[in-house]
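A short write-up of the structure that comes next.
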Amino acid sequence: MQRRALKLIPVILIGLIVLAPLTVALSLTEGSVNFLRAFGDSSGQIRTLSLSIVALAEASGKVNQDLTPKIRELTRELVSYQNPDGGWGYFPGSVSNVLDTSYALIALSKAQKYFEGTDDFFTVDDARKSGIQFLLNSKTGNAWGYVSETTPMFYPTVLALWALGENGYNSSNSVVSSAVDTLDELPRYIDEYTALGLRLIALKAVGEPVNASEVEQVMTLLDGNDLSPTQRAILTYALTLYSEPTFEVVATIARLDEIKHTGANMVFWADTPKYPISITDTITPTAYALLAITELVPPIKEVAVNPNEMPCDQLISYQNPDGGWGVYKGSPSNEKATYYALLAVEACYPAPTVVEKALNWTEKRFEENEKIVLNESRLTVGYYYSLMTLLHFNRLNESEKGHAIEVIKSVKLDTGKWGIAELGPQPSETAMALSALLALGVEASDPDVVAAKNWLLSISSTGWGLYYQSGLYPIMLDINVLDTITVLKALEPVATKSELESHLQWLISQRMEKGWPYSREYAEANGTTLLGRPRVDLTVDATLLLLRYGFDYTEETLEFVREARDSGMISNDTLETAFAVIYLSSFNRMPMVDLLDVRNALETSTFEVLCPETRKEDAEEVMDYLRETFGYRFDLGSLSLIGRDNAIVLAGFGDVNVSPYNRYITLDVSGNSIRLNDITYPRQNTVLLIPGRTAGGVMLFVLYDEDSSEIARLIFKIGYPKYMQGPAVVVHYEDKNGNGKIELNEVTAETVG
């Protein structure tokens with residue numbers, strides 16, 4: 001009576017689930033996982049318990065929840081039901097048979113990896129091995145009956161092949177090959193559709209090739225309406241094992257979607273009972289449907305690993321509310337930190353709001369810094385970097401530039417010399433003045449420029465630091481890497497390599513094992529000498545400078561920057577993080593972005609659907625599909641909002657420029673052709689799916705001509721975004737049968753890159 005009661009549980013609960021509200025829009029994957037987690041062991045049958053384990057194991061990593069505890073729980077339950085002879089029966093405690101033992105072995109083969117590092121690993125492994133032995137011992141001639149020494153049948157044989165295949169046996173093994181040769185001759189006693197699907201699944205497991213016509217037959221069957229939910233789910237799973245996620249294949253998932261049941265944040269499929277069976281089976285069709293879906297759905301956390309990934313998001317997160325950046329995250333905004341942060345952000349991706357906010361802060365600081373410069377009669381670091389920021393972003397007109405030249409020249413101590421009245425001229429202040437004057441357009445022949453160059457070269461041959469002259473004997477104190485790089489960069493436009501050679505050699509001599517510190521050695525107050533710590537900002541600056549003179553440390557610096565990024569050494573340090581971005585940007589053009597990034601964001605984030613007025617009707621229909629698939633997190637907007645947040649952009653080929661948002665994609669549209677990353681495609685009947693990235697999130701560009709709008713809508717109608725991945729996709733329609741109608745088997749999706 002207990003087992004019979006268990007079998008009735010799914011029947012009773014179906015009504016309850018369907019009647020319960022679906023509180024949030026739920027993907028097929030998440031919903032069916034929720035159902036199997038709740039009811040995967042409710043029937044009391046070994047085969048449905050096993051199928052639940054298999055489906056959950058395959059879905060792990062493709063949903064936003066950790067399935068390991070549930071997989072372990074169900075697997076321990078399955079192992080506890082194993083009979084002493086190594087097999088499993090229809091119910092726990094019933095006589096071992098080939099069919100249920102095969103289902104159990106498939107489950108254990110999928111579940112065992114989830115026990116690695118636990119005490120139960122070898123328990124599961126032992127159960128699996130004894131089950132395999134039972135299966136091998138139960139073979140009758142070349143195939144299997146339902147129990148040992150009975151007439152071989154198709155159903156137990158095809159399941160035994162699947163089980164052996166999942167446990168390392170292939171078609172080169174005599175046990176497998178003899179069964180494969182016999183399979184099609186065996187009595188079936190199961191319907192032809194289920195038999196076809198299981199045959200393809202089993203042959204895939206043992207590595208036995210199949211005729212392409214059989215896969216085509218499956219596709220034809222799935223186009224019809226005569227299949228039960230279980231038959232459709234099994235055949236769909238079989239198809240996904242042999243096919244890429246083409247439009248036709250994705251459409252078979254859409255057909256499954258049409259017959260699902262939902263409720264209480266669950267998705268499931270149910271077979272209508274047929275006489276003499278009175279039990280509604282929900283586990284089998286749901287498990288096979290989930291297997292089919294997860295075969296197409298890419299892992300949520302599976303993204304292309306870019307070894308030169310730039311820490312752009314971290315850097316932007318350091319920006320202060322006033323718009324500037326501090327030397328460290330949370331510290332008061334600083335002109336130098338803001339200057340280099342902006343250079344780094346520029347190398348990342350379009351972030352107009354971030355940049356504009358910073359420039360507004362800089363403009364205010366520039367006015368205040370000018371007052372400080374004039375009041376103290378010295379060129380300050382704050383004035384220099386706020387000036388260089390505004391120059392870089394073209395925020396000064398010619399009159400303002402002329403005024404800045406006057407300000408800088410007005411505070412010089414002598415011709416070509418800037419510094420501090422109490423200490424006299426200083427290399428760093430003079431270098432900043434020289435650099436600023438040249439950036440403002442002052443000619444190299446200007447007396448102050450010439451004098452500044454000559455003075456800087458005359459006071460040292462081994463780097464620069466704090467300069468002090470007492471009487472006739474000048475002293476260079478605290479010669480350091482920072483001041484030396486500052487001076488060398490200022491002299492670069494006006495001095496030759498031979499004039500700078502000794503300073504370049506001194507800079508090289510300061511390099512430690514991994515990079516450049518402020519000083520190679522320094523003394524503490526108690527006189528103890530310590531080694532300096534190499535810094536990313538100084539190392540990158542030195543490397544880029546020296547490379548221009550033929551000294552190559554690029555690979556060593558790349559390794560150092562990667563290590564600093566990955567170790568967390570530069571966390572919260574604006575300058576080091578900014579220079580890491582600047583350096584890594586010379587090895588890749590922006591943070592990588594993949595269609596998979598967009599797909600993952602669609603599962604959890606808010607999006608805007610942006611379009612020009614001519615695409616509004618398309619956008620409204622697409623938004624309806626998105627809301628149905630991913631939830632009510634999509635709003636309509638105009639193209640003017642592009643670059644602000646997560647967005648799906650429906651536009652013509654000439655309406656938007658993709659390049660700022662994805663610099664790995666080169667797109668050229670001319671005449672009747674499209675050239676995407678050096679591959680040419682016809683423009684007519686073609687839709688491009690290109691991912692992009694902004695400071696606010698990710699973007700999906702859907703580019704097409706107006707007469708291809710039906711193709712663009714079809715992409716969303718069949719749920720293709722749930723399965724997209726790769727650098728870009730070219731969707732093309734060709735009217736193969738000449739009827740003028742867009743049919744799924746006439747639409748192809750090619751991944752580019």
Side-chain angles (χ1 to χ4, degrees), residues 211-224 235-236 239-258 296 595 598-599 611 614-615 617-619 621-622 625 648-656 658 665-691 700-753:
N211 194 302
S213 63
E214 294 180 88
V215 180
E216 292 173 6
Q217 182 186 358
V218 171
M219 184 68 79
T220 301
L221 289 171
L222 289 170
D223 283 340
L235 286 170
T236 304
L239 179 66
T240 62
L241 292 174
Y242 290 89
S243 307
E244 296 297 320
T246 62
F247 266 54
E248 268 193 294
V249 174
V250 171
T252 65
I253 302 294
R255 294 292 297 274
L256 275 175
D257 194 359
E258 292 172 358
L296 294 185
L595 288 168
V598 180
R599 178 258 170 189
C611 66
T614 55
R615 297 285 199 279
E617 188 176 335
D618 290 350
E621 188 169 326
V622 164
Y625 293 134
I648 293 173
V649 180
L650 304 176
F653 294 113
D655 291 338
V656 294
V658 175
I665 292 292
T666 56
L667 174 62
D668 179 43
V669 181
S670 59
N672 296 321
S673 63
I674 298 168
R675 191 166 180 80
L676 185 65
N677 283 8
D678 299 325
I679 303 176
T680 301
Y681 302 91
R683 175 170 177 168
Q684 187 177 16
N685 296 329
T686 293
V687 178
L688 302 184
L689 303 180
I690 300 175
L700 174 63
F701 291 94
V702 186
L703 306 180
Y704 58 98
D705 288 325
E706 283 190 46
D707 56 6
S708 297
S709 65
E710 188 177 346
I711 306 169
R713 296 182 190 192
L714 181 65
I715 291 170
F716 294 89
K717 183 178 181 180
I718 68 168
Y720 185 76
K722 290 186 289 187
Y723 311 101
M724 63 186 181
Q725 56 186 308
V729 166
V730 177
V731 178
H732 183 69
Y733 157 66
E734 182 180 350
D735 188 8
K736 296 177 182 178
N737 59 17
N739 67 358
K741 296 180 180 179
I742 297 176
E743 299 173 7
L744 286 170
N745 61 357
E746 298 176 325
V747 182
T748 58
E750 177 185 339
T751 300
V752 179

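Small disclaimer: the values here were computed from a predicted structure and weren't measured. Throughout, residue positions are numbered sequentially from 1 according to the sequence presented.
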Student check: side-chain heavy atoms of L714 and Y733 closer than 4.5 Å: no
Side-chain heavy-atom pair V598, P721 within 4.5 angstrom cut-off: no
Minimum-distance pair of heavy atoms, taken over all atoms of S243 and V215: OG-CG1, 4.2 Å
Check: R599 side chain, K722 main-chain N or O, donor-acceptor pair, under 3.5 Å: yes
N211 side-chain N/O to S213 backbone N/O, donor-acceptor pair under 3.5 Å: yes
Smallest separation among heavy atoms of Y720 and A749, with atom names: OH-CB, 3.6 Å
A254 versus I718, closest heavy-atom pair with distance: CB-O, 4.1 Å
Side-chain donor or acceptor of N685 paired with backbone N/O of E734 under 3.5 Å: no
Heavy-atom side-chain contact between M724 and L700 under 4.5 Å: yes
F653 vs L688 side-chain heavy atoms within contact, under 4.5 Å: yes
Within 6.0 Å of CD in E214, more than 12 heavy atoms from elsewhere: yes
Spacing of CG belonging to L221 relative to CD belonging to E216, to within rounding of 0.5 Å: 12.0 Å
For the student: nearest non-hydrogen atoms of G652 and L703, plus distance: O-CD2, 4.0 Å
Intermediate values then yes/no, side chain to side chain contact (heavy atoms under 4.5 Å, CB included), V622 and V702: CA-CA 11 Å; V622 164; V702 186; over 6 Å; no
From D705 atom CG to I674 atom CD1, the distance as rounded to the nearest 0.5 Å: 7.0 Å
Minimum side-chain heavy-atom gap F701-V656 below 4.5 Å: yes
Beyond-backbone contact of Y723 with V249, side-chain heavy atoms, under 4.5 angstrom: no
From CA spacing to verdict: side chain to side chain contact (heavy atoms under 4.5 Å, CB included), L676, I690: CA-CA 10 Å; L676 185 65; I690 300 175; 4.2 Å; yes
Considering all heavy atoms, the nearest P691-A728 contact: CD-CA, 4.3 Å
Nearest-0.5 Å distance, CG of residue L256 to CG of residue L222: 8.0 Å
Separation between CD1 of I742 and CD of E710, rounded to the nearest 0.5 Å: 3.5 Å
Side chain to side chain donor-acceptor pair (under 3.5 Å) assessment of E750 paired with Y681: CA-CA 11 Å; E750 177 185 339; Y681 302 91; 3.1 Å; yes
Close side-chain approach of T252 to V218, heavy-atom, < 4.5 Å: no
Pairing of R255 and E258 as salt bridge, 4.0 angstrom limit: yes
Check: K717 main-chain N/O paired with E621 side-chain donor or acceptor under 3.5 Å: no
Over all atoms of both residues, closest heavy-atom pair of D735 and G740: OD2-N, 2.8 Å
E743 atom CD: more than 12 heavy-atom contacts under 6.0 Å: yes
Approximate separation, where rounding is to 0.5 Å, of T240 OG1 and L235 CG: 11.0 Å
Straight-line distance of D223 CG to E248 CD, nearest 0.5 Å: 6.5 Å
Pairwise side-chain contact, N672 with Q684, heavy-atom cut-off 4.5 Å (strictly under): no
